[in-house]
Trainee: 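Take a look at the following structure, please.
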There are 2 protein chains.
Amino acid sequence: MSADPALRREIPDATVARLPEYLRTLSRLAEDGVLSVSSEELAAEVGVRSAQLRKDLSHLGSYGVRGVGYDVETLALEISRALGLTEDWPVAIVGMGNLGHALASYSGFVTKGFRIVGLYDDDPALADERVVGVRIRPLRELVDHHQVDPIAIGVIATPAPAAQAVCDALVGAGISSILNFAPAVLSVPDGVDVRRVDLSTELQILAFHAQRKSLAAGDLRTAVVAP
Amino acid sequence: MSADPALRREIPDATVARLPEYLRTLSRLAEDGVLSVSSEELAAEVGVRSAQLRKDLSHLGSYGVRGVGYDVETLALEISRALGLTEDWPVAIVGMGNLGHALASYSGFVTKGFRIVGLYDDDPALADERVVGVRIRPLRELVDHHQVDPIAIGVIATPAPAAQAVCDALVGAGISSILNFAPAVLSVPDGVDVRRVDLSTELQILAFHAQRKSLAAGDLRTAVVAP
DNA sequence: TCAACTTTGTGCATGGCTTCACAAACGTCT
DNA sequence: AGACGTTTGTGAAGCCATGCACAAAGTTGA
């Protein structure tokens with residue numbers, strides 16, 4: 001017998017990025033009372049090819065039954081395990097402006113797997129306000145909090161100029177997983193993971209494709225440029 | 001002489017996704033009074049390899065000077081042109097809960113290139129409220145608005161169950177670029193671009209890496225599983 | 001029990017992206 | 001004017017991810 005492949009082998013980043021999507025869809029199917037799905041059906045729901053789905057799942061182990069498909073509950077559990085969602089991860093949000101408030105009350109957060117344990121902002125106007133049952137505190141209190149009740153993931157929702165300083169504070173406190181909503185590139189030591197979510201980057205990518213479409217749709221600008 | 005490569009050749013998706021980052025960094029350098037950068041310097045700022053930066057830029061044309069580097073202003077302008085940001089794109093946001101409010105007042109929006117022209121929500125409690133100078137209206141008024149004053153990009157910030165219906169409404173009105181913040185996979189006809197930003201997906205990816213780190217750091221779970 | 005049918009798991013080919021390494025091109029200094 | 005040092009732009013190689021196609025493995029029905 002071999003050990004769980006999820007814990008031994010390397011899972012490609014591209015696969016990891018798709019697992020949350022599979023999990024979400026499986027959860028919805030489970031709620032709808034669906035007991036079993038084929039790779040073809042699940043792939044159609046998620047919007048990927050069935051071969052890709054099967055290859056992705058093969059990195060976790062072999063949880064399907066040939067001729068039948070996958071048991072929805074089992075597969076959801078195995079993906080949860082692979083992602084590390086069988087226990088809750090404590091999350092702190094720094095920067096409680098509009099975005100911070102939105103994130104704190106976002107339903108996705110309450111989803112199994114994550115728990116908000118700290119909200120931080122140095123603006124005195126926000127001090128002691130409560131959001132989803134957690135009190136907003138000044139950032140300097142984060143270190144003490146982390147020592148008593150460890151924080152696994154730090155979310156930065158401050159304006160861009162403050163982001164690096166906040167990041168340094170988080171890293172200094174010993175937090176090594178950071179989700180950054182500020183439009184800034186953070187420099188961190190090795191071993192710290194940063195993921196960035198940036199609204200304006202996404203808009204700009206959409207603008208690029210929109211421009212291509214409008215040019216392709218008979219706009220004559222290319223012809224004007226060429227002699 | 002050939003026409004602008006940005007308008008004739010295909011720019012790889014991976015490159016397009018990095019251009020906004022280059023542009024943001026160049027804008028910051030320009031504000032700091034920097035006139036010229038080498039690919040090495042700019043790549044270090046952005047966090048990519050210099051060879052990658054040069055290859056990315058080569059898809060736009062040849063705007064560098066050998067032995068010197070790139071003129072900051074010129075390069076910023078050319079990237080703006082390639083992304084289609086030399087004119088403003090009208091944006092509408094649907095769903096004005098916490099997230100919608102945060103997006104509307106997000107500074108990234110006001111950045112050159114985008115302009116909020118419509119805010120929509122069917123909740124009567126929000127009707128006629130003004131955010132950043134724009135009045136919130138019921139979604140059914142979007143079609144009329146779009147006919148008078150075209151909307152290029154639609155942003156969906158509703159809860160997941162409403163997302164597909166809102167998407168259908170946007171597509172029906174003739175909008176073909178959509179940014180989706182709801183945790184749902186949208187099905188759209190060919191020719192419509194959808195980009196999704198999902199908080200919980202990002203958190204789950206972080207959780208995966210955090211778990212790997214904690215396992216690698218001497219946790220004995222793998223040893224227990226193996227015989 | 002056995003044949004027919006379904007669906008998984010995966011070797012292999014294909015395509016795209018990243019990285020390397022270097023010639024070509026430019027400025028500078030003598 | 002010419003040699004030298006620097007930096008770009010790009011062919012070529014390597015790497016990773018995707019998609020194809022099929023054998024293996026399971027179920028169903030007779």
Side-chain angles (χ1 to χ4, degrees), chain A residues 2 4-6 8-22 26 29 34-76 78-79 82 205 208-209, chain B residues 1-2 4-6 8-22 26 29 34-76 78-79 82 205 208:
Chain A
S2 65
D4 185 342
R8 312 197 118 270
R9 291 188 197 171
E10 194 71 28
I11 301 182
D13 284 349
T15 294
V16 173
R18 282 185 294 267
L19 290 180
E21 204 60 55
Y22 302 157
L26 285 167
L29 292 176
V34 179
L35 299 177
S36 175
V37 275
S38 68
S39 63
E40 204 71 51
E41 293 163 348
L42 182 54
E45 290 281 328
V46 175
V48 300
R49 306 273 173 186
S50 64
Q52 175 148 269
L53 173 60
R54 290 198 298 276
K55 182 147 290 190
D56 283 342
L57 296 182
S58 76
H59 289 113
L60 310 190
S62 186
Y63 299 112
V65 179
R66 294 172 192 229
V68 177
Y70 299 88
D71 179 78
V72 172
E73 293 270 352
T74 305
L75 189 55
E78 289 303 331
I79 294 177
I205 295 172
F208 171 81
H209 291 292
Chain B
M1 283 297 111
S2 65
D4 185 341
R8 314 197 114 271
R9 290 185 197 176
E10 194 70 27
I11 302 181
D13 285 349
T15 293
V16 173
R18 283 185 292 268
L19 290 179
E21 204 59 56
Y22 301 157
L26 285 167
L29 291 175
V34 178
L35 298 177
S36 175
V37 276
S38 67
S39 62
E40 204 71 51
E41 293 162 347
L42 183 53
E45 290 281 330
V46 175
V48 300
R49 307 272 172 186
S50 65
Q52 175 146 270
L53 173 61
R54 290 198 299 276
K55 180 142 290 191
D56 283 342
L57 296 181
S58 75
H59 290 114
L60 311 188
S62 187
Y63 300 111
V65 179
R66 292 169 193 233
V68 178
Y70 299 88
D71 179 79
V72 172
E73 294 269 351
T74 305
L75 188 54
E78 290 303 331
I79 294 178
I205 295 172
F208 171 81

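Each chain gets a letter, A, B and so on, in the order the sequences are listed, and its residues count up from 1.
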Trainee: When you match A:Arg54 and B:Ser38 each to their closest nucleotide on DNA chain D, which lands nearer the 5' end?
Mentor: B:Ser38

Trainee: A:Ile11 has an atom CD1; how far is it from atom P of D:dA17, in whole Å?
Mentor: 12 Å

Trainee: Report the distance from atom CG of B:Asp56 to atom C1' of C:dT18, rounded to the nearest whole Å.
Mentor: 10 Å

Trainee: Report the distance from atom CD of A:Gln52 to atom P of C:dG11, rounded to the nearest whole Å.
Mentor: 18 Å

Trainee: Any donor-acceptor pair under 3.5 Å joining the side chain of A:Arg49 to the base of D:dG19?
Mentor: no

Trainee: State whether the distance check finds a donor on one side and an acceptor on the other, under 3.5 Å, for side chain A:Lys55 versus base D:dG19.
Mentor: yes

Trainee: Could you tell me which non-hydrogen atom of A:Leu53 sits nearest to which non-hydrogen atom of A:Ala43, and how far apart they are?
Mentor: CD2-N, 3.7 Å

Trainee: So if I take every side-chain heavy atom of A:Val65 and compare against D:dT10, C:dT8, D:dG26, which nucleotide ends up nearest?
Mentor: D:dG26

Trainee: Could you check A:Ala14 against A:Ala51 and say which one's nearest nucleotide on DNA chain D is further toward the 5' end?
Mentor: A:Ala14

Trainee: Can you measure B:Tyr63 atom OH to C:dC26 atom C1' for me and round it to whole angstrom units?
Mentor: 19 Å

Trainee: Separation of B:Glu10 atom CD from C:dG16 atom P, in whole Å?
Mentor: 10 Å

Trainee: On DNA chain C, check which nucleotide each of A:Gly67 and A:Leu57 is closest to and give me the residue with the more 5' one.
Mentor: A:Gly67

Trainee: Is B:Arg66 side chain donor-acceptor paired with the D:dT7 base, going by distance under 3.5 Å alone?
Mentor: no

Trainee: State, to 0.1 Å, how close A:Asp56 and A:Arg18 come at their nearest heavy-atom pair, and which atoms those are.
Mentor: OD2-NE, 2.7 Å

Trainee: Atom NE2 of A:His59 to atom C1' of C:dT10: distance rounded to whole Å?
Mentor: 10 Å

Trainee: Looking at C:dG9, I'd like to know if its phosphate oxygens (OP1 or OP2) sit under 4.0 Å from a side-chain N or O belonging to A:Tyr70.
Mentor: yes

Trainee: Expressed in angstrom and rounded to an integer, what is the separation of B:Asp13 atom CG from C:dT18 atom P?
Mentor: 11 Å

Trainee: Using whole Å, report how far CG of B:Leu42 lies from P of D:dG9.
Mentor: 12 Å

Trainee: Please check the phosphate of D:dT7 (OP1 and OP2 only) for any side-chain N or O of B:Ser39 closer than 4.0 Å.
Mentor: no

Trainee: Measuring from the side chain of B:Ser58 (C-beta onward, heavy atoms only), which nucleotide among C:dC17, D:dT10, D:dG26 has the closest atom?
Mentor: D:dT10

